[in-house]
Asks: 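Sharing a structure, written as structure tokens. Questions coming.
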Amino acid sequence: MGLNLKELVVRDKTTLEAFSSKVIAIDAYNAIYQFLASIRGPDGLQLSDSEGRITSHLSGLLYRNINFLSLGIKPVYVFDGKPPSLKTAEIERRKQIKKDATVKYEKAIAAGNMEDARKFAQQTTSMKDGMVKESKQILTYFGIPYIDAPSEGEAMAAHLTNTGQAYASASQDFDSILCGAKRLIRNFTNSGRRKIPNRNTYVEIEPEIIETQKTLDALGVTREQLVDIGILIGTDFNPNGFDRIGPKTALKMIKQHSCLEDIPQIQEQLQEIDYQQIRKIFLEPIVAEVDEIVFGQVDYEGMTNYLKERSFSEDRIQSSLNRLKKALEKKSQNLDQWF
DNA sequence: CCGCGATA
DNA sequence: TATCGCGGG
């Protein structure tokens with residue numbers, strides 16, 4: 001993913017609980033992709049049902065959404081539409097990485113190096129045709145709404161924070177900030193230590209919120225300038241960025257010269273990319289209006305039957321859904337006290 | 001990724 | 001009661 005704004009944005013620690021009763025626009029592709037990449041055994045193989053179909057994404061969506069709904073969070077998933085044509089180079093680049101990783105994976109397995117095997121297996125992760133449909137199916141059983149974006153999901157999620165239909169967007173990527181999202185949540189999951197598979201080390205995962213205005217104030221730049229900074233560092237639409245320019249240099253250059261056209265050192269390289277079009281993708285993103293985001297009821301029976309068909313154990317389904325049912329009953333009791 | 005049982 | 005390691009499908 002090319003857009004390393006991590007060092008520049010103002011990231012504040014937060015918790016899942018802080019978003020109770022708020023509508024959060026979730027980058028569906030980003031979430032599902034992460035489940036597919038990380039829900040794997042020690043050898044790197046994904047979970048699959050009795051017919052060999054991958055189920056890692058279903059497992060991830062099940063448990064995470066139970067947590068969201070139990071806390072009163074109102075997720076709306078935003079799926080990608082047609083990518084901008086400028087993205088084709090980046091899409092090809094990712095395909096190539098997956099191809100290379102497949103070879104490396106097989107070598108690591110042959111060598112019996114499980115740590116490498118898992119790492120390379122993760123890099124082969126790809127979203128297969130049926131997975132979007134299957135994920136939407138799970139969301140429907142939860143009564144969780146989803147939106148099909150006309151183009152980039154992150155742009156659509158950003159738009160929802162501006163119409164007031166969502167409080168924030170949630171993704172690991174920073175694109176929605178350049179698209180004008182009011183707020184971005186990263187690590188939108190329960191906090192805690194996570195073990196790195198096959199190694200004796202841990203990482204602390206904590207949700208964090210980025211308030212776009214706060215970041216712009218702190219950096220002393222406009223959103224237009226932040227987009228230019230992004231282009232200098234590298235985006236999905238110019239993955240390589242500019243030679244020897246990282247986040248710090250990019251910020252310094254834009255603060256000094258104010259825009260791409262006025263930075264003398266980069267003019268030659270600037271002519272090699274369609275920077276006006278890239279700006280437009282972020283500043284005038286292709287989005288659609290949606291009239292009302294409706295949350296439904298949980299279809300416990302439908303969910304149970306569907307997951308049973310996909311080889312989930314009945315005991316686990318039942319105990320998970322019972323937890324959800326308990327949490328939802330408790331919430332409606334709390335609400336009843338007002339009447 | 002996530003929950004759960006084992007462990008202390 | 002809190003942390004760890006394992007297995008899930």
Asks: Could you tell me which non-hydrogen atom of A/Lys104 sits nearest to which non-hydrogen atom of A/Phe120, and how far apart they are?
Replies: CD-CE2, 3.4 Å
Asks: OP1 or OP2 of C/dG9 versus the side-chain N and O atoms of A/Ser56: is any pair under 4.0 Å?
Replies: no
Asks: Between A/Arg53 and A/Glu309, which heavy-atom pair has the shortest distance, and what is it?
Replies: NH2-O, 4.1 Å
Asks: Quick one: A/His57 NE2 to B/dC2 P, roughly how many Å, whole number?
Replies: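 Going from NE2 in A/His57 over to P in B/dC2 covers 16 Å.
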Asks: Once you apply a heavy-atom cut-off of 4.0 Å, does A/Ser48 come out as touching a base, just sugar-phosphate, or nothing?
Replies: base
Asks: Nearest whole angstrom, please: distance from the P of C/dG9 to the CD of A/Glu51.
Replies: 16 Å
Asks: Indicate, with a heavy-atom threshold strictly under 4.0 Å, whether A/Gln46 touches base, sugar-phosphate, or nothing.
Replies: base
Asks: Indicate every side-chain donor-acceptor pair of residues 280-296 of chain A with a distance under 3.5 Å to a residue at least two apart or in another chain.
Replies:
residue: A/Glu289; atom: OE1; partner: A/His159; partner atom: NE2; Å: 3.2
residue: A/Glu289; atom: OE2; partner: A/His159; partner atom: NE2; Å: 3.0

Asks: Would you jot down, in residue-number order, the residues of residues 305-323 of chain A having a non-hydrogen atom under 4.0 Å from DNA chain C?
Replies: A/Arg310, A/Ser311, A/Phe312, A/Ser313, A/Arg316
Asks: Which of these nucleotides, B/dC1, C/dT3, C/dG9, is closest to any side-chain atom of A/Ser38?
Replies: B/dC1
Asks: Between B/dC1 and A/Arg40, is there an OP1 or OP2 to side-chain N/O distance shorter than 4.0 Å?
Replies: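 So the side-chain polar atoms of A/Arg40 never come under 4.0 Å of the phosphate oxygens OP1 or OP2 of B/dC1.
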Asks: Nearest whole angstrom, please: distance from the P of C/dG8 to the CG of A/Leu36.
Replies: 19 Å
Asks: Round to a whole Å and report the spacing from CZ of A/Arg118 to P of C/dC6.
Replies: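 After rounding, the reported distance stands at 13 Å.
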Asks: Should the pair A/Glu51-A/Arg310 be classified as a salt bridge under the 4.0 Å nitrogen-to-oxygen rule?
Replies: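 Salt bridge flag = no for A/Arg310 with A/Glu51.
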Asks: Take the protein atom CD1 of A/Ile39 and the nucleotide atom C1' of C/dC6, then report the distance between them rounded to whole Å.
Replies: 15 Å
Asks: Flag the pair A/Glu115 and A/Lys119 as a salt bridge only when some basic side-chain nitrogen lies within less than 4.0 angstrom of an acidic carboxylate oxygen.
Replies: no
Asks: Would you mind checking if A/Lys95 and A/Glu92 are paired as a salt bridge, meaning a charged N to carboxylate O distance below 4.0 Å?
Replies: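 Yes, charged N to carboxylate O under 4.0 Å.
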Asks: What is the separation between atom CG on A/Asn65 and atom P on B/dC2, rounded to the nearest whole Å?
Replies: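 Roughly 11 Å, once rounded to whole Å.
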Asks: Rounded to the Å, how far apart are A/Leu61 CG and B/dG3 P?
Replies: 13 Å
Asks: Are OP1 or OP2 of B/dG3 and a side-chain N or O of A/Asn67 less than 4.0 angstrom apart?
Replies: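 Checking B/dG3 against A/Asn67, a side-chain N or O does come within under 4.0 Å of OP1 or OP2.
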Asks: How close or far is atom P of B/dG3 from atom CD1 of A/Ile205, stated in whole angstroms?
Replies: 15 Å
Asks: When rounded to the nearest 0.5 angstrom, what is the spacing between CZ in A/Arg223 and OG1 in A/Thr215?
Replies: 13.5 Å
Asks: Tell me whether the side-chain N/O atoms of A/Tyr202 come closer than 4.0 Å to OP1 or OP2 in C/dG5.
Replies: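 Checking A/Tyr202 against C/dG5: at least one side-chain N or O falls below 4.0 Å of OP1 or OP2.
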